[in-house]
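Sequence positions, counted from 1, serve as the residue numbers for this chain.
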Amino acid sequence: MAGTEFGRTVRRWRDRVSPEAAGLPSGGHRRAPGLRREELAMLAGISADYVTRLEQGRAANPSEQVVEALGRALRVSAAEREHLFHSAGLVPPGRGTVPAYIAPSVHRMLDRLTGTPVAVSDASWTLLLANPLYTALMGERYGRERNGAWRIFLGRGENRVRHTPESRRATEAAVVGDLRAAAARYPADRRLRQLIAELRAESPRFADLWDSGAVGRHEASRKTVDHPQVGPVTLDCDTLSVAGSDLRIMIYTAEPGTRDAERLELLSVLGLQSVGV
């Protein structure tokens, strides 16, 4: 019954989130004012079929990650997030675990950046939220590929960002330093411990950096993204931190009046077309 109550809750709360509030286009005929299942699934990074089965009670026992992702996509308050976990038969993550909650104020800030690729990650570099333009720029990411550290050291999927040997080394050192700091701040986080153990076991490069005590820092940088439709786009990349939550907000911008700005604008049109406008 917990799964059925969870599904009913997701269905009710999906109706109250407008596409505009979620940063999505609102064009086309809609039977209800809220999000479609496909849109909720895209925002949460899970399949539309799974959302359907959850809402209909045909899938029970959603994982903690799924509940957290749906809560973010539904823009729940702190109290609603707690209810969502309980309705799924789970205990909300407590202190000592990596925060994954995105406050409404952060959502509102991101809403004002619709023409800018923006992504939000947690302290372990797991992608929590990406706006449509970021997804259009970087491509969809599922499963393990949603974790930036895993993708850098073990990923075999598409990587559109160009790297020089120097920039790759700097990125690797910075990410290892981030995971080391996160492990110290969140000692009770089981998924973080498992991620680090897997990286040490399967990536000699990560193991060397981890065992040597390497640390690094993320600097503002320019990145060239090789996009399959619009070609190379060179953008400034800035990473902002949210006080008290260890969230990282990555923002990509183009210098006005440049070819890169034109390609980014074209990509915004292509990105809207891809979500059904």
Side-chain angles (χ1 to χ4, degrees), residues 2-3 6 9-10 44-46 54 60-107 119-130 141-155 172-203 206-207 209-218 239-250:
F6 177 80
T9 301
V10 170
I46 59 181
L54 284 171
N61 305 314
S63 69
E64 181 181 302
Q65 298 97 306
V66 166
V67 175
E68 196 78 82
L70 287 170
R72 284 192 300 272
L74 293 168
R75 300 190 168 209
V76 299
S77 67
E80 290 170 338
R81 173 179 176 268
E82 186 170 340
H83 171 74
L84 197 63
F85 270 92
H86 288 313
S87 70
L90 297 171
V91 177
R95 298 181 63 181
T97 60
V98 174
Y101 174 66
I102 300 178
S105 59
V106 176
H107 275 294
V120 183
S121 298
D122 65 16
S124 69
W125 283 109
T126 294
L127 181 65
L128 303 179
L129 178 69
R141 288 170 178 165
Y142 299 100
R144 306 305 299 273
E145 291 285 341
R146 290 180 69 86
N147 181 270
W150 191 93
R151 194 169 59 250
I152 287 170
F153 291 100
L154 294 177
E172 289 171 344
V175 168
V176 170
D178 289 339
L179 293 187
R180 192 189 313 280
R185 286 195 299 274
Y186 306 108
D189 196 290
R190 175 179 50 82
R191 290 197 304 275
L192 177 57
R193 293 198 306 270
Q194 290 175 341
L195 171 66
I196 293 171
E198 181 180 4
L199 291 173
R200 293 186 70 185
E202 298 188 19
S203 170
F206 181 89
L209 289 170
W210 185 271
D211 295 339
S212 68
V215 295
R217 58 183 299 177
H218 296 276
T239 302
L240 312 178
S241 298
V242 179
S245 68
D246 270 346
L247 296 180
R248 285 83 180 265
I249 302 176
M250 296 188 70

Where is the tightest heavy-atom contact between [X] and [Y], given as atom of each residue plus distance?
X: L154; Y: S203; result: CD2-CB, 3.9 Å
X: I196; Y: A183; result: CD1-CB, 3.9 Å
X: A123; Y: R248; result: O-NH1, 3.6 Å
X: M250; Y: T239; result: CG-OG1, 3.9 Å
X: P187; Y: R193; result: O-NH1, 3.0 Å

Indicate yes or no: at least one non-hydrogen side-chain atom of [X] is less than 4.5 angstrom from one of [Y].
X: V66; Y: L54; answer: yes
X: D122; Y: P99; answer: no
X: V76; Y: L70; answer: no
X: W210; Y: L199; answer: no
X: D246; Y: Y186; answer: yes
X: T126; Y: V98; answer: no
X: V67; Y: F6; answer: yes
X: H86; Y: P92; answer: yes

Between [X] and [Y] (side chain of the first, backbone of the second, donor and acceptor by atom type, cut-off under 3.5 Å), is there such a pair?
X: S212; Y: L209; result: yes
X: R146; Y: L127; result: yes
X: R200; Y: A207; result: no
X: Y101; Y: S245; result: no

Practice task
Any salt bridge (Lys or Arg N to Asp or Glu O under 4.0 Å) involving residues 97-106? Give me the pairs, sequence neighbours left out, ordered by first then second residue.
Solution key: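 Applying salt bridge (Lys or Arg N to Asp or Glu O under 4.0 Å) to every pair that reaches into residues 97-106, excluding sequence neighbours, yields nothing.
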Problem - Inter- and intrachain pairs under salt bridge (Lys or Arg N to Asp or Glu O under 4.0 Å), touching residues 70-91, at least two apart - result: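 Salt bridge (Lys or Arg N to Asp or Glu O under 4.0 Å) check on residues 70-91 returns R16-E80, E68-R81, R75-D111.
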Exercise for the section: Find the distance between CD1 (I152) and CD (E172) and round it off to the nearest 0.5 Å. Expected result: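 Taking CD1 in I152 and CD in E172, the distance rounds to 7.0 Å.
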Exercise for the section: Before accepting this row, confirm whether a basic side-chain N of the pair R144/E198 lies closer than 4.0 Å to the acidic partner's carboxylate O. Expected result: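 Yes, charged N to carboxylate O under 4.0 Å.
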